[in-house]
Amino acid sequence: MRMTNLLLPTERQAPSDAEALSHILGVRAGLVRQLGTGLWTWLPAGWRSHQRAVQIVREELDAIGGQELLMPLIQPRELWRKTGRADFDEVFKLEDRKGSELILAMTHEESVTFHMSQLVRSYRDLPKILYHFQTKARDEPRPRAGVLRTREFIMKDSYSFDRDAAGLDESYAKHVVAYDRIFDRTGLEWYRVESDVGMMGGSGAHEYMAPCPAGENDVALAPGYAANVEVASADPQPVPMPAALAAPAEVTTPGMATIEAVAGHLGVHRGALLKAFPVVSDSGKLVLVVVRGDHRVNETKLRNHLGEGFRPASTEEIEQQIGPPGFIGPVGAQVPVLLDLAVADGASGGWVAGANRPDTHLQGVEPGRDFAFERCDVRAVEAGDLVGGAAIRIEPAIEVGNIFKLGTRYSEPLGATFLDESGSEQLIVMGSYGIGPARIVAAAIEQTADEHGIAWPRALAPWQVHLVVLGKPDTPEREAAEGLYAELVEAGIETVYDDRAGGAGEKFADAELLGCPLRLTVGRRTLEDGLVEAQARRGSESLAPIPLREGAAPAVEALLRELA
RNA sequence: CGGGGAGUGGCGCAGUCUGGUAGCGCACCCGGCUGGGGGCCGGGCGGUCGCAGGUUCAAAUCCUGUCUCCCCGACCA
């Protein structure tokens with residue numbers, strides 16, 4: 001591709017409102033442009049990278065027997081009523097000229113299940129894996145960070161259809177294989193992490209996470225362990241228990257309504273206290289959640305344990321049903337107590353907890369002896385907690401893919417059934433599996449960029465070679481560059497050719513901003529010796545120059561292989 | 001939805017407080033020089049100052065309303 005023909009609007013300055021690196025560089029390198037909040041156009045260079053991600057995904061899904069199809073973006077709203085998702089805030093609703101109610105699909109479980117409910121009759125029709133690349137429309141509450149979270153984006157979603165849970169396990173395992181290969185091939189740093197199955201009842205889920213600063217999720221990582229912090233579990237760091245406060249007694253703590261104040265007053269570690277967090281579940285039950293004073297409640301884990309949503313109790317509810325806010329605790333509380341796993345029984349020294357009376361705490365508190373409780377893991381893990389003896393670290397990451405065992409969540413309301421060998425009707429067991437190519441591209445930018453710009457992994461680069469010519473028209477440099485460009489194109493090497501009239505600095509800066517793996521420079525300096533300079537985008541050392549005389553394409557191909 | 005910020009040529013910004021002919025850098029166009037890291041000289045094009053209404057002799061500037069965009073949080077199959 002000649003740059004004189006290419007729409008590649010590079011910018012020296014970052015857009016003033018951009019924050020995330022992928023946003024800044026995506027715009028500066030001329031990959032994407034914004035049309036509105038969460039609405040982005042992919043310009044030619046960016047679209048090439050996007051398509052490269054798409055093609056990798058396609059090849060690996062085909063390899064596990066997936067079949068590509070295409071379902072509509074616009075769908076009848078009635079279909080979504082059957083699954084209870086028609087009224088979701090995220091769903092764009094619209095009407096046609098006749099007033100028929102339609103929606104823009106935010107995903108395609110409904111439509112694919114609808115079809116399969118008609119097309120699958122027998123166990124002989126199963127299993128199947130279907131997938132497509134299609135625009136998803138979501139009325140996001142807050143789009144952000146360029147193409148990272150948008151209101152309209154292309155997603156690869158695949159769906160598996162099996163006769164039973166064992167079949168689903170197999171389809172799921174196939175997707176694990178395909179996804180692992182996909183993300184290996186992209187060249188990203190990635191982790192497959194355990195993830196929340198949510199309230200929709202799924203029996204298993206993983207997310208594929210690409211660590212980078214702009215990530216919206218946090219992952220807990222340790223050797224051999226990776227989990228979304230929403231579900232991560234780890235052994236807590238030990239806390240020094242105050243032996244001096246082992247004897248049960250009341251302590252006066254006037255006005256000390258915070259963990260910090262009480263711990264400071266008593267001269268103990270915050271972790272020696274019990275933090276009481278009263279919540280009211282959606283069904284109206286008041287529960288006192290108790291974690292170590294230096295720990296925080298993990299809302300996802302708590303919600304999953306409760307089996308329903310919840311909200312923090314109001315001040316009134318706390319005062320009326322437990323005690324004065326700031327001084328509440330499990331001892332003597334007239335509500336169920338949910339005690340976090342990290343609070344060990346009979347810890348030497350005993351715990352400090354609110355006494356449910358003003359300006360008063362209790363020391364020497366021992367779970368079981370002093371209060372009844374239900375034990376569960378509800379705390380948020382923290383960096384330094386141990387998994388298998390190793391300390392975890394917590395990193396922000398982009399979710400680039402997920403895999404989810406749906407079960408019969410959709411086949412049941414949509415009546416997707418089949419007849420088994422005995423002629424009895426069974427529900428199809430489903431899985432759903434997503435990948436966001438745009439996020440793969442954004443993650444690659446985030447993970448590889450340096451102070452000069454993007455440094456694509458080869459698999460995602462819009463072009464493999466960035467050919468720069470230095471020299472005015474009608475010079476030997478131009479002539480040599482034209483010849484080389486023609487040869488590279490002929491050899492099938494994807495090349496962007498900077499044939500513009502600009503100066504060297506400008507061209508080199510743009511090449512580094514765009515980030516193609518290999519830069520070739522035709523200039524007077526080496527052309528006199530019949531050579532073309534080669535420079536890898538990553539690393540600063542110049543590569544051996546390439547002789548032009550005998551044809552350069554094989555040498556360029558060899559260089560590219562080395563860069564891989 | 002709550003909090004904060006911003007809308008002035010393609011991009012980045014000044015001007016707004018204190019009303020008086022809309023500016024700067026980059027980019028772009030023309031001519032020339034230069035020709036290996038965003039170079040130099042000269043000459044140009046380009047803006048209903050987000051939109052609507054109001055105040056005023058006069059509004060980018062003051063008032064009211066409204067739209068859009070960004071950031072943080074809530075939210076995120």
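Order of the sequence lines sets the chain letters (A, B, ...), proteins ahead of strands, with each chain counted from 1.
Residue contacts shown for Glu399(A) are absent, as no nucleic acid heavy atom lies under 4.0 Å away. Counting any heavy atom pair closer than 4.0 Å across all strands shown, Glu216(A) reaches no nucleic acid atom. Arg478(A) comes within 4.0 angstrom of nothing in the nucleic acid, heavy atoms only. Nucleic acid contact for Thr107(A): none, since no nucleic acid atom lies under 4.0 Å from a heavy atom of the residue. Residue contacts shown for Asp510(A) include a base, since a base heavy atom lies under 4.0 Å away.
Distance check: Gln464(A) CD to Leu488(A) CG gives 11.5 Å after rounding to the nearest 0.5 Å.
On the P atoms, C41(B) is 15 Å away from U34(B), given to the nearest whole Å. Rounded to whole Å, the P atom of C29(B) lies 38 Å from the corresponding atom of G53(B). Between C76(B) and G4(B), the two P atoms lie 24 Å apart (nearest whole Å).
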For nucleotides 31-35 of chain B, list the nitrogen or oxygen atoms of the protein found under 3.5 Å from its nitrogen or oxygen atoms, one pair per line.
residue, atom, partner, partner atom, Å
G35(B), O6, Lys472(A), NZ, 3.4
G35(B), N2, Ala501(A), O, 3.2

Got a list of protein N/O to nucleotides 9-16 of chain B N/O distances below 3.5 Å?
residue, atom, partner, partner atom, Å
C11(B), O2, Gln13(A), OE1, 3.4
G12(B), OP1, Ser16(A), N, 3.1
G12(B), O4', Gln13(A), OE1, 3.1
G12(B), O2', Gln13(A), NE2, 3.4
C13(B), OP2, Ser16(A), OG, 3.1

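Residue side chain Arg149(A) reaches the base of C76(B) through a donor-acceptor N/O pair under 3.5 Å, judged by distance alone. In terms of polar N and O atoms assigned as donor or acceptor, the side chain of Arg138(A) comes within less than 3.5 Å of the base of A77(B) in a complementary pairing.
For the pair Phe508(A) CZ and G37(B) P, the computed distance is 8 Å after rounding to whole Å.
Nearest to the side chain of Arg519(A), among C70(B), A77(B), G37(B), sits G37(B).
Among residues at least two apart or in separate chains, salt bridge (charged side-chain N to carboxylate O under 4.0 Å, His left out) pairs with a member in residues 435-448 of chain A are Glu216(A)-Arg439(A).
For Lys82(A) (side chain) and Gly415(A) (main-chain N/O), no donor-acceptor pair under 3.5 Å exists by modelled atom type.
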